[in-house]
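Read through the structure below, which is laid out as structure tokens, and then see the notes.
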Number of protein chains: 2
Amino acid sequence: MKLEILTRNENQTVQNEIITKIRDLIVYKNLEPGDKLPAERVLSDKFGVSRSNVREAIRKLEFYGILASKPQSGTFVADIGQIAMNGMMEDILSLEEPDFKSLVETRILLELKTVRLAAQRRTEADLIRLKAALDAYSEKVNNQEDAVQEDLLFHLAIAKASGNSSMNTFMLIITPEIITNFEKYHVCDKDLAITGIQEHQDIFDAIKQQNPQLAKDKMKVHFKTLYQYCYNI
Amino acid sequence: MKLEILTRNENQTVQNEIITKIRDLIVYKNLEPGDKLPAERVLSDKFGVSRSNVREAIRKLEFYGILASKPQSGTFVADIGQIAMNGMMEDILSLEEPDFKSLVETRILLELKTVRLAAQRRTEADLIRLKAALDAYSEKVNNQEDAVQEDLLFHLAIAKASGNSSMNTFMLIITPEIITNFEKYHVCDKDLAITGIQEHQDIFDAIKQQNPQLAKDKMKVHFKTLYQYCYNI
DNA sequence: CAATCCAATCTGGTTAACCAATTTTGAAAT
DNA sequence: ATTTCAAAATTGGTTAACCAGATTGGATTG
């Protein structure tokens, strides 16, 4: 178990070192936006690491929009300017793994917005999906079963109905870690789940009748218990 | 230019097909959380695709917390349950590229929160970084130069000072696309930048004197122009 | 019969050779 | 001197062989 974390950290370290070297190279060679980076083979040779490591690092920087690879052509510095690039790389290198508090804080922020947007923009198809998620949750709870997954799928359905793909993506990113932490700290016990049904129903109704303010208020009620748990850890 | 998008889409399509097949396999084999997925070689053979493609798909699912690879051991289904996994995979497959409106909407939401958190939690080290970013911006503007990058680096410094690593990460993800869109639509012109200096200064002061509400209000003022531009596109 | 140990096997990771598309180059033609 | 164009070099992507650590299963031993 410990090993898994160790190797991942080690891998992370290697990748960060490569990112640092790429940054230094860009600065040293004074590469402007749109300029071409040296070939992957050259970089792996120069840095003394494997080419796949270099590719991974490039992929990560691609994910953050700093580089862009064009097949059979080369890897290019994005059009965001050297200063921004330098600052962003610094930030990426110093990024920490999110703690539970950050996750919950972010989730609450996102959801109070997505629920309002969902109430404004939901289509009929969204309503159908929301209803299905709601029913799945209720059924599990009524059968005295654990319903953490169904709970969060309902919330993901709201994010989807918000029509904001960035927020939808971000909700997807934080959800698995939320689930595992919930199960670790036993946040959602069965007695809470019963009240959860009504709360979900209220949120659903507010979205259905397209009342953003009500939807947000009902979501706040739903999060009340979560607040308490979260800030006691 | 068109080609680059085409190949990326094609690549995306292949990857999504593999993700679909992995999902189907998990359902078909009724794999529970913690169970081991077939080896990468087996999957690439069964799906008729290259092993590197399989690895990429696994990496993506790892990013979203659905799978976890352990070196020399295997790839395992995460402890989030089959129902959640299935629903999340569906969502991941249907994710769209974020449009400019989504990006700005998300940015405003995030920043109105990070600026408050920064006012509450900023350390002395944060203040120094914020001041440096502020000065860099002012200097560029006073020299009549384009300062979009310095502008956003100031905002990233706020995100870092918020002490919430999730929000910090998300700001980093959306920033490059914001920059390129800004430059495409010419959102930040030079006459605006002059007033921007005072607005940045106000935000900085509010953070320094640890006044969350004032910080948020000043940020709202700063976003006023952005609102107008954003909803006219 | 249970515990132990070692070798065969299986795993994700790494490496190097290969591929096809792109870019460069320089000689030939105008 | 300029343009053309095909061949050679360069590129990211792909493939297959290889590596070292983990797992497994059965033979051995107490």
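Order of the sequence lines sets the chain letters (A, B, ...), proteins ahead of strands, with each chain counted from 1.
If you find the closest nucleotide of DNA chain C to A:Ser73 and to A:Asn53, the one lying nearer the 5' end belongs to A:Asn53.
For B:Arg59 against C:dG12, no side-chain N or O and base N or O form a donor-acceptor pair under 3.5 Å. The base of C:dG13 has none of its N or O atoms less than 3.5 Å from a complementary donor or acceptor on the side chain of A:Arg55. A donor and an acceptor atom never sit less than 3.5 Å apart when one is taken from the side chain of B:Gln72 and the other from the base of D:dG21.
Between A:Arg41 atom CZ and C:dA17 atom P there is a gap of 11 Å when expressed in whole angstrom units. Put simply, NZ on B:Lys70 is 11 Å from C1' on D:dT23, counting in whole angstrom units. One interatomic measurement links the two molecules: CZ of B:Arg51 to P of C:dT14, which rounds to 11 Å at whole-angstrom precision. One atom, CD of A:Glu40, and another, C1' of C:dA16, lie 14 Å apart when rounded to the nearest Å. Between the C1' atom of D:dA9 and the NZ atom of A:Lys36 lies a distance of 11 Å, rounded to the nearest Å. If you measure from atom CD of B:Gln15 to atom P of D:dG13, you get 12 Å, rounded to the nearest angstrom. Per the geometry, CG belonging to A:Asp45 stands 16 Å off C1' belonging to D:dT11, to the nearest Å.
Without hydrogens or angle criteria, B:Gln149 side chain to A:Ala84 main chain gives a donor-acceptor distance under 3.5 Å.
A salt bridge links A:Asp126 with A:Arg129: the closest approach of a Lys/Arg side-chain nitrogen to an acidic carboxylate oxygen falls below 4.0 angstrom. Taking a cutoff of 4.0 Å between a charged side-chain nitrogen and a carboxylate oxygen, B:Asp45 and B:Arg41 do not qualify as a salt bridge.
For A:Glu56, the side-chain atoms get nearest to C:dT14 when compared with the rest of C:dG12, C:dT22, C:dT14.
At C:dG12, none of the side-chain N or O atoms of B:Ser69 fall inside 4.0 Å of OP1 or OP2 (strictly under the cut-off).
Ring planes of B:His155 and B:His200: perpendicular class, angle over 60° (limits at 30 and 60°).
Residue contacts shown for B:Ser52 include a base, since a base heavy atom lies under 4.0 Å away.
A:Thr13 and A:Asn16 form no side-chain donor-acceptor contact under 3.5 Å, judged by distance and modelled atom types alone.
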